[in-house]
Amino acid sequence: MELYLDTADVKSVKRLAKILPIQGVTTNPSIVAKEKKPIFDVLNELQAAVGAKSQLFAQVIANNAKDMIKEAEKLRLYFPTIVIKVPVTSEGLIAIKELSAQEITTLGTAVYGAGQGFLSALAGAKYVAPYVNRIDAQGGSGIEVVAELQTLLEMHCPSSMILAASFRTPRQVLDCLLAGCKSITIPTDIAELFIADPAVDAAIKQFDNDWINAFGDLKL
Ligand code: E4P
């Protein structure tokens, strides 16, 4: 099981990396743009925050295959193990095929349909990222896309895996895991929701009060 944070906010990554067993950080152009710094600075800071052995993901910006490939090669020059996120368009599929031939690890992103995601796996993408919440927001069913894609990959492309993405609720995350997803990336607010629950705080406060009432202080 691989768990990633979907953010470029270094402060949050540092905090959550101490608490959660994360394997690394995923980014996209919107996430990086929020930091208002050059992407290579952002990626350097993220790598330092999660440690040299953790996995980074960065997305190409170009919309044509030739430039996508150039950008991927440039990113890999500075970050030799980075996974290159490529939107699954016709140009993106050309780029994924070429990058796979070069043994550059890719992730097919902006996936809204099982068939679309499946094609990126066939083209050689190691990861396929269905956008669960964005599919739901369109009136579709993110979890149905995930479940179909999971079956397709298991049956026909066992060397590719879903990296489920785009979440607004912890329930969406759990549904993906229950559908068999072995990797997932969550935004920091969803990570915080998994950790903090007012009912847990109330339960602990009750234990503290009972102990203090009996023994005077909070010590064993
Ligand atoms: C993943 O590849 C995307 O970067 C991301 O998860 C999209 O999430 P959003 O719908 O919250 O922007």
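Start at 1 and go down the list; that is how both ligands and their atoms are numbered.
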What distance separates L20 CG from R15 CZ, expressed to the nearest 0.5 Å? 8.5 Å
Starting from atom 4 (O) of ligand 1, locate the nearest protein heavy atom and write down its residue, its atom name and how far away it is, to 0.1 Å. N28 ND2, 2.7 Å
Give a yes or no on whether a salt bridge exists between K205 and D201, defined as a side-chain N under 4.0 angstrom from a carboxylate O. no
Determine whether any heavy atom of T26 lies closer than 4.0 Å to an atom of ligand 1. no
Tell me, which protein residue and heavy-atom name are nearest atom 12 (O) of ligand 1, and how many Å apart are they? R134 NH2, 2.6 Å
Between E2 and Q55, does any side-chain donor sit less than 3.5 Å from a side-chain acceptor? no
Could you list the atoms of ligand 1 found under 4.0 angstrom from a heavy atom of T109? 2 (O)
How far is atom 6 (O) of ligand 1 from its nearest protein heavy atom, and which residue and atom is that? D6 OD2, 2.6 Å
K66 vs E91, salt bridge (charged side-chain N to carboxylate O under 4.0 Å, His left out): CA-CA, chis, key distance, verdict: CA-CA 8 Å; K66 195 168 150 235; E91 289 294 309; over 6 Å; no
Between ligand 1 and N133, can you find any atom pair, the residue atom being a heavy atom, that is separated by under 4.0 Å? no
Under a heavy-atom criterion of less than 4.0 Å, does Q59 contact ligand 1? no
Report yes or no: do T26 and T185 form a side-chain donor-acceptor pair below 3.5 Å? yes
Going by the order shown, which atoms of ligand 1 are within less than 4.0 Å of some heavy atom of K85? 1 (C), 2 (O), 3 (C), 4 (O)
Pair T109, Y127: side-chain N/O donor-acceptor within cut-off below 3.5 Å: no
